[in-house]
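In what follows, a single structure is set out as structure tokens and then discussed.
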Amino acid sequence: MNKNIQLHPSWLSRIGDEFDKPYMLRLREFLIGEKRSGKEIYPPGGEIFAALNQTPFDEVKVLILGQDPYHGPGQAHGLSFSVQPNIPIPPSLINIYQELATDMGIPPAAHGCLLPWARRGVLLLNAVLTVEKARAASHRSRGWETFTDRIAHVVDAEKEAVVFILWGSYAQAKGAFINRTKHLVLSSPHPSPLSASRGFFGSRPFSQANTWLEEKGIGAIDWSLPSEI
């Protein structure tokens, strides 16, 4: 395995073998080639696996599945739907905050950094972990989907009670295998401005997740965000 990869031991012991598989070696060569050609890749290398490093396997209570990292400068930092604190809040996250306020009475944060959620057991996992600047979905079908499928399968198989939050058809298709007899799956339209009014608003995922987690004796998620990060 590439010794430059920094991954939390709880994940490394479960998915470390993926890094030696042919698809992952091809993905690594692709990324190296893109960088050598002068292309700007997001997020920075040290933050590609931030979702796993900020939420160790043993601490996962909720998995929120996204698609691709944001492709604007300074936005992506390895957590789905999240941006760096000094970056304008993206439209989808504005809608997430709106639903959070309606659902839980938590006022919207003035920033878009969801790092506190990650540190409280919310695995903010994108299906694809890198993207080229200003080119949405540019790294799809390069191998990341296979890698993140493995992560989701490990959570499904080895955890006893996790809430999977699947927003939009892409996430729902990727999570179709989840064992619903032991996990809670919350599905709704995506929070993007194009679809939020079709059923995302009013879906109450945060309170539903907490009610179920409390019933399982796991403990609710604190969905509030500090005013500053």
Side-chain angles (χ1 to χ4, degrees), residues 1-57 63-93 112-115 118 123-155 166-171 173-175 190-192 194 229:
M1 189 182 73
N2 185 353
K3 295 179 180 180
N4 293 326
I5 294 169
Q6 300 295 320
L7 200 61
H8 191 278
S10 67
W11 288 109
L12 194 62
S13 64
R14 291 172 169 85
I15 62 171
D17 58 336
E18 295 295 302
F19 292 98
D20 294 322
K21 293 183 178 179
Y23 84 89
M24 205 62 173
L25 298 176
R26 289 192 298 270
L27 173 58
R28 181 174 179 271
E29 289 304 311
F30 165 73
L31 293 172
I32 290 172
E34 293 292 276
K35 291 179 180 178
R36 282 178 178 165
S37 68
K39 294 179 180 177
E40 196 165 346
I41 306 300
Y42 301 139
E47 295 178 341
I48 290 173
F49 301 110
L52 302 176
N53 289 327
Q54 294 295 340
T55 313
F57 176 83
L63 191 158
I64 298 180
L65 185 61
Q67 296 186 31
D68 301 280
Y70 296 116
H71 57 271
Q75 289 182 305
H77 64 130
L79 307 177
S80 63
F81 295 100
S82 180
V83 292
Q84 296 280 18
N86 58 336
I87 296 295
I89 303 173
S92 290
L93 186 52
C113 182
L114 303 180
L115 188 58
L123 181 60
L124 296 166
L125 182 68
N126 276 319
V128 177
L129 300 187
T130 58
V131 70
E132 182 185 340
K133 178 182 178 180
R135 291 191 64 220
S138 51
H139 289 183
R140 286 192 188 177
S141 302
R142 291 288 182 174
W144 281 127
E145 295 92 339
T146 301
F147 179 74
T148 54
D149 275 349
R150 173 72 187 282
I151 295 168
H153 275 283
V154 165
V155 172
L166 308 178
W167 290 327
S169 57
Y170 181 91
K174 191 173 175 72
H190 195 275
S192 75
L194 295 174
I229 298 292

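The residues of the chain are indexed from 1 along the displayed sequence.
Between Lys21 and Glu18, at least one side-chain nitrogen of the basic residue sits less than 4.0 Å from a carboxylate oxygen of the acidic one, meeting the salt-bridge criterion. Using a 4.0 Å cut-off between charged nitrogen and carboxylate oxygen, Arg135 and Asp68 do not count as a salt-bridge pair.
For Lys174 (side chain) and Leu166 (main-chain N/O), no donor-acceptor pair under 3.5 Å exists by modelled atom type. For the pair Trp11 (side chain) and Thr55 (backbone), a donor-acceptor distance under 3.5 Å is present. Between the side chain of Ser82 and the backbone N or O of Ala76, no donor-acceptor pair lies under 3.5 Å. Without hydrogens or angle criteria, Arg14 side chain to Ser10 main chain gives a donor-acceptor distance under 3.5 Å. A donor-acceptor pair is defined here as one N or O able to donate and one able to accept, closer than 3.5 Å; no such pair exists between the side chain of Glu29 and the backbone of Arg26.
Here CH2 of Trp144 is found 5.5 Å from OG1 of Thr130. Values are rounded to the nearest 0.5 Å. Between the CD1 atom of Ile41 and the CG atom of Leu129 there is a distance of 13.0 Å, given to the nearest 0.5 Å. We find the CG-CG distance between Leu52 and Leu125 to be 6.5 Å, quoted to the nearest 0.5 Å. Considering CG of Leu12 and CD of Gln6, their distance stands at 9.5 Å, rounded to 0.5 Å. The CG atom of Leu65 sits 7.0 Å away from the OG1 atom of Thr148 when rounded to the nearest 0.5 Å. One finds the SG atom of Cys113 at 7.0 Å from the CG atom of Leu79 (value rounded to the nearest 0.5 Å).
Between Asp17 and Arg150, the closest heavy-atom pair is OD1-NH1, 3.1 Å. Looking at every heavy atom in both residues, Gly112 comes nearest to Leu93 through O-CD2, 3.3 Å. A pairwise comparison of heavy atoms in Gly143 and Tyr23 identifies O-CE1, 3.3 Å as the closest pair. Residues His8 and Asn53 come closest through the heavy atom pair N-OD1, 2.7 Å. Here the closest heavy-atom approach between residue Tyr42 and residue Pro73 is recorded as OH-CA, 3.3 Å.
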Show, in sequence, the C-alpha distance, side-chain angles and deciding distance for Phe57 and Val154, and conclude whether the side chain to side chain contact (heavy atoms under 4.5 Å, CB included) test is met. CA-CA 9 Å; Phe57 176 83; Val154 165; 3.7 Å; yes
Apply side chain to side chain contact (heavy atoms under 4.5 Å, CB included) to Ile64 and Leu123, showing your working. CA-CA 6 Å; Ile64 298 180; Leu123 181 60; over 6 Å; no
After noting the C-alpha distance and the side-chain angles of Val128 and Glu145, does the key distance pass the side chain to side chain contact (heavy atoms under 4.5 Å, CB included) rule? CA-CA 6 Å; Val128 177; Glu145 295 92 339; 3.5 Å; yes
Run the side chain to side chain contact (heavy atoms under 4.5 Å, CB included) test on His77 and Gln54 for me, step by step, so that the C-alpha distance in whole Å, both residues' side-chain angles and the decisive distance to 0.1 Å come before the verdict. CA-CA 11 Å; His77 64 130; Gln54 294 295 340; over 6 Å; no
Going through the distances and angles, do Phe147 and Phe19 end up as a ring pair (Phe, Tyr, Trp, His ring centres under 6.0 Å)? CA-CA 9 Å; Phe147 179 74; Phe19 292 98; 5.4 Å; yes
Could you walk me through whether Lys133 and Ser138 pass side-chain hydrogen bond (donor to acceptor under 3.5 Å, both in side chains), step by step? CA-CA 9 Å; Lys133 178 182 178 180; Ser138 51; over 6 Å; no
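Tyr170 carries Arg140 over the face of its six-membered ring, with the cationic atom under 6.0 Å from the centre and within 45° of the normal.
Looking at Trp167 and Ser92, their side chains never come closer than 4.5 Å, going by heavy atoms from C-beta outward. Within the 4.5 Å cutoff, the side chain of Glu132 has no heavy atoms near those of the Glu40 side chain.
Aromatic ring pairs are classed by plane angle as parallel below 30°, tilted from 30° to 60° and perpendicular above 60°; the pair His190 and Phe81 is tilted.
Every residue meeting the ring-ring contact (aromatic ring centres under 6.0 Å, His included) condition with Phe30, not counting sequence neighbours, appears here in chain and number order: His139.
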